[in-house]
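I have placed the structure first, in the form of structure tokens, so that the comments after it can refer back to it.
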There are 2 protein chains.
Amino acid sequence: MPGINEVAVLAGVSTATVSRALSGNGHVSAATKSRVKAAAVELGYVVSSNASSLATGRTKNVGVVIPFLNRWFFSSVVEGAEHSLLSHGYDLTLYNLSGNGDERRSVFEHFLLRKRVDAVIAISLELTASEVSSLLDMNKPIVGVGGPLPGVRTLSIDDEQVARLATEHLLSLGHRSIAHIGGNNDVELDFHLPTHRRVGYEAALEAVGIPIDPGLFAAADFTLQGGYRAAKQLLGNPRKRPTAVFAASDEMAIGTILAARDLGLHVPGDVSVIGVDDHELSDFFGLSTVAQFPAEQGRRAVEILMDQLHPDRRAPASNIPLRFELIVRSSTARPGG
Amino acid sequence: MPGINEVAVLAGVSTATVSRALSGNGHVSAATKSRVKAAAVELGYVVSSNASSLATGRTKNVGVVIPFLNRWFFSSVVEGAEHSLLSHGYDLTLYNLSGNGDERRSVFEHFLLRKRVDAVIAISLELTASEVSSLLDMNKPIVGVGGPLPGVRTLSIDDEQVARLATEHLLSLGHRSIAHIGGNNDVELDFHLPTHRRVGYEAALEAVGIPIDPGLFAAADFTLQGGYRAAKQLLGNPRKRPTAVFAASDEMAIGTILAARDLGLHVPGDVSVIGVDDHELSDFFGLSTVAQFPAEQGRRAVEILMDQLHPDRRAPASNIPLRFELIVRSSTARPGG
DNA sequence: CTGAAAGCGCTAACAT
DNA sequence: ATGTTAGCGCTTTCAG
């Protein structure tokens with residue numbers, strides 16, 4: 001593994017020039033630059049990121065902290081971030097903070113702070129004030145995805161509006177008895193996302209004068225199984241069966257469709273179902289939903305960090321609110337249709 | 001951010017001693033060791049991994065290369081590896097090699113080789129001979145998960161045996177007309193996994209004298225949708241409908257269950273279905289399957305690397321073949337039952 | 001058991 | 001435009 005020295009020798013210049021030619025910092029004549037590059041290629045030279053980091057204080061690496069990896073939303077955000085990071089010449093190191101407090105503290109103290117990363121992306125994770133400030137004190141920008149973090153630039157969809165949109169879709173079809181499957185306390189996650197969605201749902205109903213019926217709410221854990229169980233409950237009672245269900249996640253909505261089927265109900269004939277996410281399975285199940293775009297969210301988070309890390313580069317307009325979009329498939333229709 | 005110097009001063013020793021006390025290399029009297037540790041804690045000192053790596057040549061970081069992240073198998077392996085790595089004091093940096101050849105080469109040349117990692121875990125990815133040897137040349141151990149890599153220690157279940165086991169389960173229930181949904185060329189992935197499973201399926205049939213009927217094979221892409229479509233095909237023809245289906249992945253098996261349902265067939269009454277994986281949704285669908293344990297595979301991969309990275313440490317018996325296990329749920333039963 | 005000092009491989013002033 | 005020269009913060013001989 002050749003060092004910067006052999007390159008310098010082969011190109012007949014100093015190591016400083018090699019460094020400049022290869023990094024693009026400082027001026028180097030076109031001629032020498034190409035000579036250096038040729039030499040580097042010939043030798044198969046590649047900089048030692050450690051030496052470089054030590055000298056510059058920058059690591060070209062960002063840390064991503066995340067509570068789970070094997071869920072559609074999280075892994076999609078990470079994928080988006082990874083792609084974008086790669087294209088900026090950055091690496092991504094992953095910290096799975098699912099563990100309890102101990103593991104979590106250890107990650108913060110021994111890993112993130114080891115000067116391994118230039119910045120961190122926190123996905124659906126509520127960092128404590130002290131965690132945030134210790135990072136900020138070290139001059140490491142943070143951006144959150146999926147929920148507000150005190151004192152941190154955060155990307156997240158407007159959950160209340162998303163829920164409103166879904167509910168309004170149902171209302172516009174003529175539904176008046178609309179149930180909601182939301183989150184239980186366990187899933188309140190760190191950001192009260194379930195509450196926001198419930199609030200949006202209720203707001204949409206109230207806006208058209210429909211009273212909130214607590215009997216039309218059920219809590220679940222955002223999974224397909226959970227949604228199935230909750231829907232059985234909601235749809236099983238023929239006396240007060242709603243004509244439509246708004247589930248706070250697509251997985252729960254799919255569970256609802258399956259539950260309806262098992263109850264002998266037809267979707268959307270007997271009951272309309274809408275979710276939130278545009279999960280990879282939603283298209284298959286014909287589920288109407290309000291899509292969000294996690295990979296794009298990951299990408300956007302990276303853009304924001306790059307702007308902070310390289311204040312010189314022209315910041316692309318970066319305050320567009322996060323996109324969401326109603327996707328109507330075959331699980332929603334006029335009641336009694 | 002205090003450096004090793006301030007710790008040395010506060011503890012009244014030299015930086016060399018601090019280094020030894022904190023890293024555990026070399027002898028330090030118990031007394032000074034604890035004094036140093038106290039000082040380090042008091043100052044909130046944490047080593048600079050870059051400086052340390054530069055000096056030692058070790059990074060305490062392993063690279064994981066992977067073709068996708070948002071699939072159950074991959075993200076589970078990564079989760080398992082991450083946990084294990086963390087407990088060994090290692091970080092994990094993630095490289096998503098889904099892209100085409102260009103992006104892939106760039107990862108290899110500019111990232112992995114940048115001396116960022118001490119080792120690499122390749123998940124279901126066929127590295128080229130030159131990729132492998134360039135890593136090995138730099139003395140970076142590699143371990144593969146999910147398929148054999150030339151010249152590399154690899155972890156993977158015995159796909160042929162897995163398929164045989166699944167098929168034998170069906171046979172033992174009395175099925176004689178057993179269809180198989182395997183992979184198409186796109187999914188041949190890098191490792192001919194679909195072929196191995198098909199071979200195992202055929203071997204099981206032949207062992208009991210059942211001729212292979214090409215009409216009972218269908219190819220799909222390992223997804224739920226793909227399985228659904230293939231199953232519609234296989235089960236839709238009443239003249240030669242099999243009494244059981246062995247799908248090469250749980251997602252396809254679930255698609256098969258849904259297809260059967262839509263065809264008005266009862267599972268397992270009219271058709272038994274078995275898959276491979278024990279996917280997170282399988283339990284919900286009552287799917288019988290041959291489970292594999294991806295998180296454990298990730299963990300095991302890390303153990304193997306640690307053995308190579310720290311040859312001194314007592315290697316835990318490490319040649320247990322990868323575990324798989326038949327899980328019988330409600331999707332399989334005697335034919336006509 | 002502990003200290004002094006020489007790097008690890010690069011970058012960034014500072015010169016020229 | 002290019003070369004010289006100090007470090008970046010730690011580890012590790014080599015002495016003692």
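Each chain gets a letter, A, B and so on, in the order its sequence line appears, and its residues count up from 1. Everything numeric here is computed off the predicted structure, so don't read it as measured data.
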(request) Look at the side-chain N and O atoms of A/Ser48 and state whether any lies under 4.0 Å from the OP1 or OP2 oxygen of C/dG9. (result) no
(request) Test B/Asp118 against every option in B/Asn139, B/Asn61, B/Thr59 by the side chain to side chain donor-acceptor pair (under 3.5 Å) rule and name the one that passes. (result) B/Thr59
(message) C/dC10, OP1 or OP2 - any side-chain N/O from A/Ser52 closer than 4.0 Å?
(response) no
(request) Specify the residue among A/Ala30 and A/Thr15 whose closest nucleotide of DNA chain D lies further upstream toward the 5′ end. (result) A/Ala30
(request) Answer whether the closest heavy-atom distance between the side chains of A/His83 and A/Leu86 falls below 4.5 Å. (result) no
(message) Using only atom types and a distance under 3.5 Å, with no angle test, would you say the side chain of B/Ser84 pairs donor to acceptor with the backbone of B/Ala81?
(response) no
(request) May I ask you to say whether A/Asp91 pairs ionically with B/Arg116, meaning some side-chain N is under 4.0 Å from a carboxylate O? (result) yes
(request) Quick one: sort the A/Phe74 and A/Phe68 rings into parallel, tilted or perpendicular, breaks at 30° and 60°. (result) tilted
(message) Over all strands shown, is A/Val13 touching base, sugar-phosphate only, or nothing at heavy-atom distances under 4.0 angstrom?
(response) sugar-phosphate
(message) Check the phosphate of D/dA1 against A/Thr32, side-chain N and O only, distance under 4.0 Å to OP1 or OP2. Yes or no?
(response) no
(request) Scan A/Ser53 against the nucleic acid and name what it touches under 4.0 Å (heavy atoms): base, sugar-phosphate only, or nothing. (result) nothing
(message) Tell me if the CE atom of A/Met138 is crowded by more than 12 foreign heavy atoms within 6.0 Å.
(response) yes
(request) Tell me which nucleotide among C/dA12, C/dT2, D/dT12 gets nearest to the side chain of B/Ser19. (result) D/dT12
(request) Please list residues of residues 54-63 of chain A whose heavy atoms come under 4.0 Å from any atom in DNA chain C, ordered by number; otherwise none. (result) A/Ala55, A/Thr56, A/Arg58
